[in-house]
Amino acid sequence: MPELPEVETICRDLRKKIINKKIVSISVKKKNLIKQSVTGFKKKLVGNKIISIDRRGKLIIINLSTGNYLLIHLKMTGQLIYQQKDNIIAGGHGLPRPEQGLPSRFSHIIFIFSDKSQLFFNDIRQFGYMQIVDKEELDLVIDNYGIEPGLKNFTLDNFNNVLKNRKTSIKALLLNQKVIAGIGNIYADEICHLSSVRPMRRINTLTNDEKKKLWKYSTTVINNAIKKRGTTFSDYVDADGHSGSYVGHLKVFGKQGSHCTSCSKGVIKKIRHAGRGTHYCPNCQK
DNA sequence: CCTTGTGTTCTCCG
DNA sequence: CCGGAGAACACAAG
């Protein structure tokens with residue numbers, strides 16, 4: 001599940017691989033993954049060079065030489081895997097991993113560069129998408145994203161401001177991309193755990209100390225996860241097809257039934273909250 | 001009344 | 001069933 005740290009890892013990888021490369025052709029095998037006609041999509045991409053690669057929340061923004069932008073959202077199970085021409089061996093069935101061969105049956109869109117290297121957009125569940133926008137449309141899209149751990153706007157003051165007058169739960173707010181961008185289900189649970197706050201706590205009941213911890217651990221968790229190149233729980237891999245290792249640092253996500261390693265007294269509980277599987281320690285999270 | 005905020009459910013797919 | 005996140009919808013308060 002790519003959240004901010006996983007998407008950031010992919011962006012950093014891709015910058016080293018495809019900047020200045022020219023797209024010579026594109027294969028679209030599933031047209032429902034692009035938000036426009038296949039012909040329009042190809043017309044706007046083929047012949048372009050990749051100028052730069054950016055990210056806002058979980059959205060990848062690729063700046064093209066024509067001045068348009070290719071937006072890529074990986075949603076649940078999307079992958080972007082880059083392969084030099086010598087490594088490309090058609091896979092067909094197994095998992096969408098390079099060692100299984102690419103393209104696989106989940107390689108729905110493939111970019112081919114002038115040096116014959118390729119970028120595979122794989123997606124098992126097909127929730128992800130690609131879309132080409134101009135600068136004006138890009139600005140509108142970006143405006144819909146809230147403050148973001150790692151950006152200058154993620155100050156304690158701004159964090160307290162977005163929490164002000166909200167009646168929802170802290171987890172629902174952490175997941176709301178319009179308010180706070182980049183945090184998904186795994187890191188929301190981890191941030192709440194390290195802050196000793198239950199995910200379903202109403203925001204108006206949080207103490208100043210708890211809010212400060214939530215703000216601090218939002219940045220800590222996200223930054224540590226970036227250092228570990230993300231969390232691979234099921235399908236996430238980086239641009240080389242490798243897993244992230246933050247999974248070894250998870251305290252609550254997927255730990256239901258285990259003893260809490262923070263307080264060593266509680267047993268991690270899994271419930272459903274804010275429409276998501278939610279994990280917490282009933283002993284040390286209040 | 002209408003607008004705004006918020007919460008809930010549905011949708012895509014394997 | 002699960003789930004990222006937008007859409008559609010329901011409801012409440014100003």
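Note that the coordinates shown come from a computational prediction; the quantities given were computed from them, not determined experimentally. Chain A is the first sequence line, chain B the second, and so forth, proteins listed ahead of strands; every chain is numbered from 1.
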Using a strict heavy-atom distance below 4.0 Å, which residues from residues 30-39 of chain A are in contact with DNA chain C? none
Within-4.5 Å side-chain heavy-atom neighbours: Phe111(A) and Met130(A): yes
Within-4.5 Å side-chain heavy-atom neighbours: Phe41(A) and Leu70(A): yes
Between Asp123(A) (CG) and dC13(B) (C1'), how many Å, whole number? 9 Å
Among dG7(B), dG4(C), dG14(B), which is the nearest nucleotide to the side chain of Ile124(A)? dG14(B)
Hey, can you tell me if Phe253(A) and His279(A) have their rings parallel, tilted or perpendicular (30° and 60° cut-offs)? tilted
Ring-base stacking, Phe127(A) with dG4(C) (5.5 Å, 30° cut-offs): yes
Does OP1 or OP2 of dG7(B) have a side-chain N or O of Arg166(A) closer than 4.0 Å? no
Whole-Å distance separating the CD1 atom of Ile183(A) from the P atom of dG4(C): 13 Å
Has Lys35(A) got its NZ or CZ under 6.0 Å from the middle of the six-membered ring of Tyr129(A), at an angle within 45 degrees of the ring axis? yes
Protein-nucleotide distance (Tyr145(A), atom OH; dG6(C), atom C1'), rounded to Å: 10 Å
Spacing between Lys171(A) atom NZ and dT6(B) atom C1', to the nearest angstrom: 18 Å
Applying the 4.5 Å side-chain criterion to the ILVMFWY set and letting contacts propagate, would Leu163(A) and Val221(A) be lumped into a single cluster? yes
Considering only dG7(B), dG14(B), dG4(C), which nucleotide approaches the side chain of Arg202(A) most closely? dG7(B)
Could you state the atom-to-atom distance from CZ of Phe233(A) to P of dG4(C) in whole Å? 12 Å
When we call it a touch if two heavy atoms are under 4.0 Å apart, what does Asn176(A) touch: a base, just sugar-phosphate, or nothing? nothing
How close or far is atom P of dG6(C) from atom CG of Leu140(A), stated in whole angstroms? 14 Å
Once hydrogens and angles are ignored, does a donor-acceptor distance under 3.5 Å link the base of dG3(C) to the side chain of Arg125(A)? yes
Under a plain distance cut-off of 3.5 Å, with no hydrogens placed, do Asp115(A) and Ser117(A) share a side-chain donor-acceptor pair? yes
Looking at Thr168(A), I'd like to know whether one of its side-chain N or O atoms comes within less than 4.0 Å of OP1 or OP2 on dT6(B). no
Is any side-chain nitrogen or oxygen of Arg272(A) closer than 4.0 Å to OP1 or OP2 of dC2(C)? yes
Which of parallel (below 30°), tilted (30 to 60°) and perpendicular (above 60°) describes Phe113(A) and Tyr82(A)? tilted
hydrophobic_cluster_shared for Tyr69(A) and Ile72(A), side chain cutoff 4.5 Å: no
Just checking Gly277(A): base, sugar-phosphate only, or nothing, at a heavy-atom cut-off of under 4.0 Å? sugar-phosphate
Could you check how far CD1 of Ile60(A) sits from P of dG4(C), rounded to whole Å? 16 Å
Is Gln126(A) near enough to dG14(B) that one of its side-chain N or O atoms lies under 4.0 angstrom from OP1 or OP2? yes
Starting at CG of Asn204(A) and ending at C1' of dA13(C), how long is that distance when rounded to a whole Å? 16 Å
